[in-house]
Amino acid sequence: MGEALRILLLRGSSYTLNPPGGKAVYLLRSEGKTIEEELIRASFVDEKIPYPYLNPLQTVFYKFYREGNALIASPTSSGKSLLAYLFMRNYKGKIVYTAPTRSLVREKFLEFKSYYPNQVEMRTGETILENFKESRARVIFSTYEHLAHAFRNKSSWINGLSALVIDEVHQITKRWILEEVITTSIKKDIPMLCLSATIPGLEDLIRWIRPKLVIESSWRPVPLIREVRSLTSFSPITKIEEKEDYIASRLLAAIFHLRQREENLILFVPKKETGWRILQLASKEKIGIMNQTLPFDVEDTREPEIAFHNADVPKEEREEIEKAFRDGKLRILIATQTLAYGVNLPADRVVILVRHIKKREDFKLIPDTLDILQMEGRAGRFGIREIGYSNILVYGIKEEKLEEKLSTALNKPLNTAIMEEGIDDAFLLFLLLAYLYEGDNPEAYLRSTYSFWKVSKSKINKGEEFLRERGYIRRNKLTEKGMFCVKSGIPPTSFEEFLNRTTMDIPLMASIRPLLYTKRFDGLFSFLKNKERFEEDLLSVKGMLYPCGRRCVEDNTYQFLFYAEGITAKYSNIKNPPGEFSYLSTDALHLLRTLKEINREGFYRFSDEDMLRIVHSVKYGIDPQYASLSGIKGIGHI
């Protein structure tokens, strides 16, 4: 295939909107030659481009890209969306743009409507009918999970796929489903444009996907100034004894101290509990909060000054918060790390709390260095401010130690989610995929992956032994059981756990939990734990799960059961449930399809009434005994 053309875009590049213009300064690594040239006029490329010139990154890409895989490592807000359009223009067939979250997929879908009027659509699995609808779109926007599902099931909407854009490709370090998408694309020889602001182990990724063009950029449209300091340098706004409230109080003081007049500021917190505590403290201090979905009561209604953006906030409410922040009506936004990979919400200043967990002789940062760099990418609004600011506040770690970690963050080898966590269920699912695609030569597929290309023969043999003993493969082919796991995406380990739980003396809903593989259900208790009788109710739920033991704690079955058994209905002062439950309507439909498939293949027998009770219990959070009533107009839909 030949070596990739390697280009480094240098800091000396420039780009301005008023007056329009600038230059691209870049190094051709193979020749060791630095080149400086004028930016390309957008009208020369395509009349649809809404800017007078391509920026330096886009100019270089347009000049050198012709075909095949391309890998772009460039800071956030450096124009990677238009880069994707320039890539797409090289292909005549259907194109898929895939991203990690539904919100980001939707944002890109709306953005590309101007380039492809009436030729774009979304496929994110939010409606079950997506799996049956034909697609006439030129460009389809999809989540990683839904695209992987389409590949496995040979869905008609990807027929004629000519190219693929993978946004946030560094997510391979956190989500093993992306490795499946890339591997399948490599096997099918689908040209990929892989985009990221923070790629560790770049050389490893290059060796794997074998791009024809690699562009690394040290040019940033808005320069970034970083300051690292201790959280304890800020005095708490109130005297508080409890540790978490102590941290929240200092953070609230920090953001009001650091924020300059007219600045939009995002505070990133490593866990939701910290964000809720800051918001509750703000409310007590008579600071107006925008959130309506809250784990605490608010009496005062003042003009909103601050909001918390996280997965517990329902979709519609999140969108209102995002709009207010973009429009400048809301100046301070607290967020979890998911926002760093989500919708485009640039800020003038980002403040990041960094804590650590001791891990043997070393320590683990929360958030990790890649997340920190990604969060910093939100700082700087091109065309509005000349400089972006990053304030990293450390707690329990020395400032110098963090700066050392950040300076080497991208020099480490690429460790995927599978390699980091040693996920056996991922390996077994990949092994099933190997049999699906390669028949009696599964190692050929595994050699195309990044995590398993040099996996030991003994591990393969052990995995095959597990799959044969439990009836997933037979004579080097997938059985009905194996095909079920491949098509549904439920790993064999999770399916075996489901079958095992059906033999236990536990509620049926607890047995169902492993079939909702990707859900965590970890937001509910923030809304309940301070309520009267919560501990009593929690003990009651855990008592139902005694035969299941630790497994029902590790996968949050006890939290799911708390909801599915209708116990939350006792807590009438929860006016709005956490946002993760707002997606359960869709999950219930997918679960129904899974249960019917389990029935059809005879893996377990559910009556029609059982299935109705289960899906309505999941959808509405009602005791399964009464859940079917929720489908009767005028009685249900509580």
Side-chain angles (χ1 to χ4, degrees), residues 103 231 234 236-240 242 244-340 342-343 345 347-353 375 378 391 393 523-531 571 573-582:
S103 56
L231 177 64
F234 298 94
I237 60 172
T238 55
K239 190 174 181 180
I240 295 172
E242 195 175 337
E244 289 301 324
D245 282 334
Y246 170 85
I247 291 171
S249 183
R250 287 184 183 268
L251 281 171
L252 190 59
I255 58 179
F256 280 102
H257 175 81
L258 294 167
R259 180 179 169 269
Q260 302 300 304
R261 186 177 176 81
E262 299 301 313
E263 277 188 350
N264 274 16
L265 178 148
I266 299 177
L267 166 65
F268 285 103
V269 292
K271 57 182 183 177
K272 286 182 283 190
E273 183 182 1
T274 304
W276 288 129
R277 285 176 185 255
I278 294 170
L279 212 61
Q280 187 171 20
L281 190 58
S283 178
K284 289 178 180 177
E285 294 295 316
K286 308 301 182 185
I287 299 168
I289 61 176
M290 188 170 179
N291 296 65
Q292 299 298 311
T293 302
L294 296 162
F296 54 86
D297 295 322
V298 177
E299 296 177 5
D300 202 37
T301 54
R302 293 171 177 257
E303 192 69 24
E305 298 176 62
I306 190 169
F308 185 22
H309 186 290
N310 68 85
D312 286 348
V313 181
K315 177 172 170 274
E316 295 78 8
E317 190 176 330
R318 279 204 310 271
E319 289 173 353
E320 287 179 15
I321 290 171
E322 290 162 10
K323 185 176 187 307
F325 190 72
R326 281 196 191 98
D327 295 345
K329 294 177 181 176
L330 182 74
R331 292 292 190 178
I332 301 173
L333 187 63
I334 308 167
T336 54
Q337 64 192 48
T338 53
L339 182 62
V343 293
L345 283 181
D348 302 300
R349 184 182 301 272
V350 296
V351 180
I352 306 166
L353 173 64
M375 291 167 183
R378 295 293 184 186
N391 298 100
L393 308 181
L524 181 64
F525 282 8
S526 293
F527 287 72
L528 301 176
K529 61 186 179 183
N530 295 321
K531 309 295 183 185
Y571 298 83
N573 56 338
I574 300 181
K575 288 175 278 191
N576 299 311
E580 66 179 342
F581 294 92
S582 65

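Every heavy atom of this structure was used, including side-chain atoms; hydrogens, water molecules and symmetry mates were not.
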Flag side-chain contact, heavy atom, 4.5 Å: I334 against V269
yes

What closest approach, in Å, do R378 and F268 show between heavy atoms, and which atom pair accounts for it?
CG-CZ, 4.0 Å

Do D245 and L281 have side chains that approach each other closer than 4.5 Å (heavy atoms only, starting at C-beta)?
no

Rounded to the nearest 0.5 angstrom, the CD1-CZ distance for I255 and R331 is 14.5 Å

Rounded to the nearest 0.5 Å, how far does CG of L345 lie from CD of E322?
5.5 Å

Is there side-chain contact between I287 and E305, with heavy atoms separated by less than 4.5 Å?
yes

Provide the closest heavy-atom pair for L258 versus E263 in the form atom of the first, atom of the second, distance.
O-OE1, 4.2 Å

Would you mind reporting whether Y246 and L231 have side-chain heavy atoms less than 4.5 Å apart?
no

How long is the straight-line distance from CD1 of I306 back to CD of E285, given to the nearest 0.5 Å?
11.5 Å

M290 and side chain to side chain contact (heavy atoms under 4.5 Å, CB included): which partner among I321, V313, L333?
I321

For the residue pair R318 and H309, establish whether any side-chain heavy-atom pair is separated by less than 4.5 Å.
yes

Nearest 0.5 Å, please: how far is OG in S249 from NZ in K284?
10.5 Å

Looking only at heavy atoms, what is the nearest atom pair of G288 and R302, with distance?
CA-CB, 3.9 Å

State plainly whether the residues E319 and K323 are in salt-bridge range, i.e. N to O under 4.0 Å.
no

Which of these, V351, N264, L265, D348, sits in a side chain to side chain contact (heavy atoms under 4.5 Å, CB included) with R259?
L265

Write down the atom of S283, the atom of F296, and the distance for their closest heavy-atom approach.
CB-CE1, 4.3 Å

For the pair E317 (side chain) and P314 (backbone), establish whether a donor and an acceptor sit closer than 3.5 Å, ignoring hydrogens and angles.
no

Could you check if a side-chain atom of I266 sits within less than 4.5 angstrom of a side-chain atom of F325, using non-hydrogen atoms only?
yes

In Å, rounded to the nearest 0.5 Å, how long is the span from CD1 of I247 to CD of E273?
9.5 Å

When L279, I278, I332, L330 are each screened for side chain to side chain contact (heavy atoms under 4.5 Å, CB included) with I289, the one that passes is L279

Report yes or no: does N310 contribute a side-chain atom to a donor-acceptor pair with the main-chain N or O of T336 at less than 3.5 Å?
no

